[in-house]
Amino acid sequence: DTEVTQTPKHLVMGMTNKKSLKCEQHMGHRAMYWYKQKAKKPPELMFVYSYEKLSINESVPSRFSPECPNSSLLNLHLHALQPEDSALYLCASSRPDRENEKLFFGSGTQLSVL
Amino acid sequence: GNSVTQMEGPVTLSEEAFLTINCTYTATGYPSLFWYVQYPGEGLQLLLKATKADDKGSNKGFEATYRKETTSFHLEKGSVQVSDSAVYFCALSRPGGTSYGKLTFGQGTILTVHP
């Protein structure tokens, strides 16, 4: 199994809603990532988890709250988002070591904030 | 800081044409270099990588050579297919400590191949 599975694929939410994005991998990777990608732009790193601990937060607003309940799962909790947060949210995983920096990406959740 | 510059697109080619997408980088030390591809409606997939100077990464007919003297990692393919139509991202990673997986991406180059 070399897949990173993200759900849902599409999400529409209002600015007062609370929703969660989910990501799952069964490759035994101990590093997991959230990236945000606006249309026609490269992905921007948001968070990195290493061995289920948050190791990098790229100054992301607190309306985005990541969670890593176990080594296979990664969540992104959303609350009080703004329309400018509409984007493709990509999850990725990798082995957290120098020998293999290959990131495996999921297909993403396309988020629209109304 | 680290940065990656890609040739501006979009690039439009006919099937079986030769492809070059230029990529240059700025980084201290010895970064690893990558090409990722993103097909419509999908996430990114690693196309190829190189971890040290003069390494050549190759996959699916695509090649790129890590040139430290010119700080470049240009992507080439001898004969493109319609199925190669996608967005191509050049990226670098500064390994070590908490930097693993922290990719710096170029702006992306849209490639369209016509039959």
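Lettering follows sequence order; numbering is per chain, from 1.
Applying the 6.0 Å contact sphere to CD of B:Glu15 captures more than 12 heavy atoms from other residues, nucleotides or ligands. A 6.0 Å sphere centred on CD of B:Glu16 holds no more than 12 heavy atoms belonging to other residues, nucleotides or ligands. Crowding of B:Lys52 atom NZ: a count of heavy atoms from other residues, nucleotides or ligands under 6.0 Å not exceeding 12.
One distance of note links NZ of A:Lys41 with CD of B:Gln107; it measures 5.5 Å at 0.5 Å rounding.
Both B:Leu19 and B:Val113 belong to a single network of hydrophobic side chains, linked directly or stepwise wherever heavy atoms of I, L, V, M, F, W or Y lie under 4.5 Å apart. A continuous path of ILVMFWY side-chain contacts below 4.5 Å connects B:Val11 to B:Phe73, so both sit in one hydrophobic cluster. Following chains of ILVMFWY side-chain contacts shorter than 4.5 Å, one cannot reach B:Tyr25 starting from B:Tyr30, and the two form parts of different hydrophobic clusters. Under a hydrophobic-cluster definition in which Ile, Leu, Val, Met, Phe, Trp and Tyr are linked whenever side-chain heavy atoms come within less than 4.5 Å, directly or via other members, A:Met13 and A:Met15 are assigned to the same cluster. Clustering ILVMFWY residues whenever any of their side-chain heavy atoms sit less than 4.5 angstrom apart, transitively, puts B:Phe89 in a cluster other than the one holding B:Leu48.
A:Pro43 approaches B:Phe105 most closely through the heavy-atom pair O-CD1, 3.5 Å.
Per-residue heavy-atom pair counts under 4.5 Å with chain A were compared for B:Ala91, B:Gly108, B:Gly106, and the maximum is reached by B:Gly106.
The closest side-chain heavy-atom distance from B:Leu46 to A:Phe105 is not below 4.5 Å. Under the 4.5 Å side-chain criterion, counting only non-hydrogen atoms from C-beta, B:Leu103 is not in contact with A:Leu45. In this structure, the side chains of B:Gln38 and A:Gln37 come closer than 4.5 Å at one or more pairs of heavy atoms. Residues A:Leu103 and B:Tyr36 form a side-chain contact, since some pair of their non-hydrogen atoms from C-beta on lies under 4.5 Å apart.
Of the atoms belonging to A:Glu58, it is side-chain heavy atoms, and not backbone ones, that fall under 4.5 Å from chain B.
Within residues 82-93 of chain A, the residues approaching chain B closer than 4.5 Å by heavy atoms are, in numerical order, A:Leu88, A:Leu90.
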